[in-house]
Novice: 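Got a structure for you, written out below as structure tokens; questions coming shortly.
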Amino acid sequence: MGGKLSRQSSLEDEPEDGLEVAGSRGDFAFPSLMLNSERIHGVLRRNKPAPYVRRSDWIRDIQALLRDHKQERAMQVLRMLRKDLGLEGTFLNDILYRHVTFLNLVDPISHELLLSLSRELQCPRKEHDQMKSTDRICRQLLYHLTPHSKWHRHSLHRRKSLACLKNSLLQKQNSETLDLSGIPLSPRDVQRVSLYLQNQGDSLTSVDLSFTELTDGTLELVLPTLATLTNLTHLALNGNRLSCCTLKELSEAMKDSANFPSLSWVDLGNNVDICSMPQPLLLGLRRRLCQQNLLPTIPEAQDGDMSEGGFPIPFQQLPWDR
């Protein structure tokens, strides 16, 4: 499975010394990094936001720290971000030497961008060039880890999400794609989507359920229906609240060739603790991809066979084969 990938389920279990010292000085005013008891109880009283919200806050904190020339603190935030995404190792030497390979990552784009950001922070160029390059990488991370600008339907009030869902389902009846990204889906909404897929999903080749607040429980409501779609090739589940339980369910489902018969790509990045793809799931995807994309064979030509233009057919017997 490549390099060791780990993620801490709670950042409170391992406090960062540098952050505590900075907080005691009174000059560290980034609320997304303050994990005091009052803040934790306030979060527990409310519905916790999806993981991408916390990660995007950390990226913005890194941008602000770098603008204030606080590079060491930016590195500490970067360490927290890497651990939260399940990528062990923060410093460039750790990335390049201790963990040489990161195979089967569910989100290789984030890994490459974080690697570039670590390189910029530890091997700085000129001050002006470093600010431009680090800000560009942070903006790319934000674009990748958050709903795109055209997906801002998720910021609408909860009572409007049902209207967005109905409009999306009505508009996609004759399409090969179903894009519900950015629409918060309640369990009842997921049941509506499942009913729609049962009636109208035969022609769908792509289903996008990214950034829809899906959990392991709500995904179970629609997963059996998704497994029956014969033409489904792409499934996007990134940016939700899914855990390794979903990986186990998908891996078990992929063992049966009758489930997801055409699925060749699934996006599970930017969830709770899904860091790498298990081998059974990869093998199932690869097997279905090979069935969909068979390599063409070259017909063997007999001696004297000519093409329509009077030229010999390119496939010829080699001297050492005679």
Novice: Would you say E213 and N240 are linked by a side-chain donor-acceptor pair, where the criterion is simply a distance under 3.5 Å?
Specialist: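 There is no such pair (donor and acceptor under 3.5 Å, judged by atom type) between the side chains of N240 and E213.
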Novice: Starting at OG of S257, measure out to CZ of R288 and round the result to the nearest 0.5 Å.
Specialist: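 Spacing of OG (S257) from CZ (R288) equals 6.5 Å.
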Novice: Do the side chains of N238 and L268 get nearer than 4.5 Å, heavy atoms only?
Specialist: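 Of all side-chain heavy-atom pairs linking N238 with L268, none is under 4.5 Å.
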Novice: Can you check whether L78 reaches W58 side chain to side chain, under 4.5 Å on heavy atoms?
Specialist: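 No, their side chains stay 4.5 Å or more apart.
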Novice: For the residue pair T225 / S194, report whether a side-chain donor-acceptor contact shorter than 3.5 Å exists.
Specialist: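 Yes, T225 and S194 have a side-chain donor paired with an acceptor closer than 3.5 Å.
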Novice: Mark yes or no for whether D273, through its side chain, and C244, through its backbone, hold a donor-acceptor pair below 3.5 Å.
Specialist: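 Yes, the answer is positive, given that a donor and an acceptor are paired below the 3.5 Å cut-off.
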Novice: Please work out whether the ring planes of H234 and W265 are parallel, tilted or perpendicular, with thresholds of 30° and 60°.
Specialist: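 Rings of H234 and W265: tilted, as their planes differ by 30° to 60°.
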Novice: Checking the side chain of Q71 only, and the main-chain atoms of L121 only, is there a donor and an acceptor separated by less than 3.5 Å?
Specialist: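 Checking the backbone N and O of L121 against the side chain of Q71, a donor-acceptor pair under 3.5 Å is found.
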Novice: Taking atom types as modelled, find out whether N270 and R55 have a side-chain donor-acceptor pair closer than 3.5 angstrom.
Specialist: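 Indeed, the side chains of N270 and R55 share at least one donor-acceptor pair under 3.5 Å.
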Novice: Distance check, rounded to the nearest 0.5 Å: L204 atom CG versus L235 atom CG?
Specialist: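 Answer for the CG-CG pair, L204 versus L235, is 11.0 Å.
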Novice: Do R60 and D57 sit within salt-bridge range, that is, some charged N less than 4.0 Å from a carboxylate O?
Specialist: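 Looking at D57 together with R60, the answer is yes, because their closest N to O distance falls below 4.0 Å.
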Novice: Within the 3.5 Å criterion, strictly below it, is a donor on T215 or T218 matched to an acceptor on the partner's side chain?
Specialist: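 Note: T215 and T218 side chains meet the donor-acceptor criterion.
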Novice: Which atom names give the shortest non-hydrogen contact between L247 and P278, and what distance separates them?
Specialist: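 Nearest heavy atoms, L247 then P278: CD2-CD, 3.8 Å.
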Novice: Which distance, rounded to the nearest 0.5 Å, do you find between the CG of N231 and the OG of S203?
Specialist: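 Here the interatomic distance stands at 7.5 Å.
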Novice: Is L221 close to L223 at the side-chain level, that is, under 4.5 Å between some pair of heavy atoms?
Specialist: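 No - every pair of side-chain heavy atoms lies 4.5 Å or more apart.
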Novice: With rounding to the nearest 0.5 Å, note down the distance linking CD in E252 to CD in E249.
Specialist: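 Reported value, rounded in 0.5 Å steps: 8.0 Å.
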Novice: Measure the CZ-CG distance between F260 and L281 for me, rounded to the nearest 0.5 Å.
Specialist: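 Here the rounded value is 9.5 Å.
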Novice: For D216 and T246, which I'm curious about, is there any donor-acceptor pair between the side chains at under 3.5 Å?
Specialist: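 A pair is found: one side chain offers a donor N or O, the other an acceptor, under 3.5 Å apart.
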Novice: Roughly how far, to the nearest 0.5 Å, is the CZ atom of R241 from the CG atom of L214?
Specialist: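 With rounding to 0.5 Å, CG (L214) is 10.0 Å from CZ (R241).
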Novice: Would you check if I62 and C138 make a side-chain contact, meaning some heavy-atom pair closer than 4.5 Å?
Specialist: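 Yes, their side chains come closer than 4.5 Å.
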Novice: Is there a side-chain contact between V266 and M277 (heavy atoms, below 4.5 Å)?
Specialist: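 Yes. Closest side-chain heavy atoms under 4.5 Å.
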Novice: Would you name the heavy atoms of I137 and L113 that are closest together and state the gap between them?
Specialist: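 Taking I137 first and L113 second, the nearest heavy atoms are CG2-O, 3.5 Å.
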Novice: Do you know which two heavy atoms are closest between L66 and A74, and how far apart they sit?
Specialist: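 That closest heavy-atom pairing would be CD2-CB, 3.8 Å.
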Novice: Could you check whether any side-chain heavy atom of L219 comes within less than 4.5 Å of a side-chain heavy atom of L237, counting everything from C-beta outward?
Specialist: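 Touching, per the 4.5 Å side-chain cut-off.
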Novice: Considering only heavy atoms from C-beta outward, does the side chain of R119 approach that of S116 to under 4.5 Å?
Specialist: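 Sidechains of S116 and R119: in contact.
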Novice: Which residues pass the salt bridge (charged side-chain N to carboxylate O under 4.0 Å, His left out) test with E220, not counting sequence neighbours?
Specialist: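 Applying salt bridge (charged side-chain N to carboxylate O under 4.0 Å, His left out) to E220 gives none.
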Novice: Tell me yes or no: between the side chains of T177 and D179, is some donor less than 3.5 Å from an acceptor?
Specialist: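 Checked: T177/D179 side chains show no N/O donor-acceptor pair below 3.5 Å.
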Novice: Report yes if some heavy atom in the side chain of L81 is under 4.5 Å from a heavy atom in the side chain of I59; otherwise report no.
Specialist: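 Heavy-atom side-chain distance check passes, below 4.5 Å.
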